Structures are given as structure tokens and as C-alpha cells.
Amino acid sequence: MTSWKARGTSSYHKLPNDESILHDENDRMVSNLSTKISTLKNIAIEIDKEAKYQNEFVGGMVRKASSETPQTTNH
């Protein structure tokens with residue numbers, strides 16, 4: 001529902017109704033949430049890349065250590 005309020009002597013200006021205010025606030029909050037989600041997504045991608053790099057690094061260290069360790073045999 002639209003609200004009207006007299007301003008000055010004989011002119012009237014349309015005031016925003018509660019629904020419009022809530023809609024604008026909702027749009028602002030959705031935009032903020034979208035930004036936060038994008039940031040979190042980028043962080044998750046970077047964590048994934050770092051985890052893969054570290055797994056490869058540790059795997060390489062294990063392979064190198066295994067190849068340098070003398071093998072014992074049962075006689």
C-alpha cells in the first residue's frame with residue numbers, strides 16, 4: 001500500500017512503503033551475501049590447490065626417502 005504525506009502547502013510526495021523498504025534491504029543483503037560467497041569460494045579453491053601441492057611435495061619426499069633407504073633382505 002502506498003503512503004502519502006503532505007509536504008509544504010499543497011504538494012504531495014509519494015513515500016516508500018514498507019514492502020519497498022524491505023525489498024531494497026533484501027537486495028542489499030543478497031548482494032553482500034553473494035560477495036561473501038564468492039570470497040569463500042575463492043578461498044576454498046586456493047586451499048584445494050595448496051593441499052594438492054603439499055600432497056605432491058610430501059609424496060615426492062617419501063619416494064625419495066624410500067629410494068635412498070637401504071633395503072634389507074631376509075637371508
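These numbers were taken from a predicted model, which means no experiment stands behind them.
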Taking every heavy atom of Arg63 against every heavy atom of Glu56, the minimum-distance pair comes out as NH2-O, 4.2 Å

Starting at [atom1] of [X], measure out to [atom2] of [Y] and round the result to the nearest 0.5 Å.
X     : Y     : atom1 : atom2 : value
Lys36 : Leu33 : NZ    : CG    : 7.5 Å
Leu22 : Met29 : CG    : CE    : 10.5 Å
Ile43 : Lys41 : CD1   : NZ    : 13.0 Å

Charged N to carboxylate O under 4.0 angstrom, Arg28 versus Asp24? no

Is there a donor-acceptor pair closer than 3.5 Å between any side-chain N or O of Ser34 and the backbone N or O of Val30? no

Could you check whether any side-chain N or O of Ser31 sits under 3.5 Å from a backbone N or O of Asp27, counting only pairs where one atom can act as donor and the other as acceptor? no

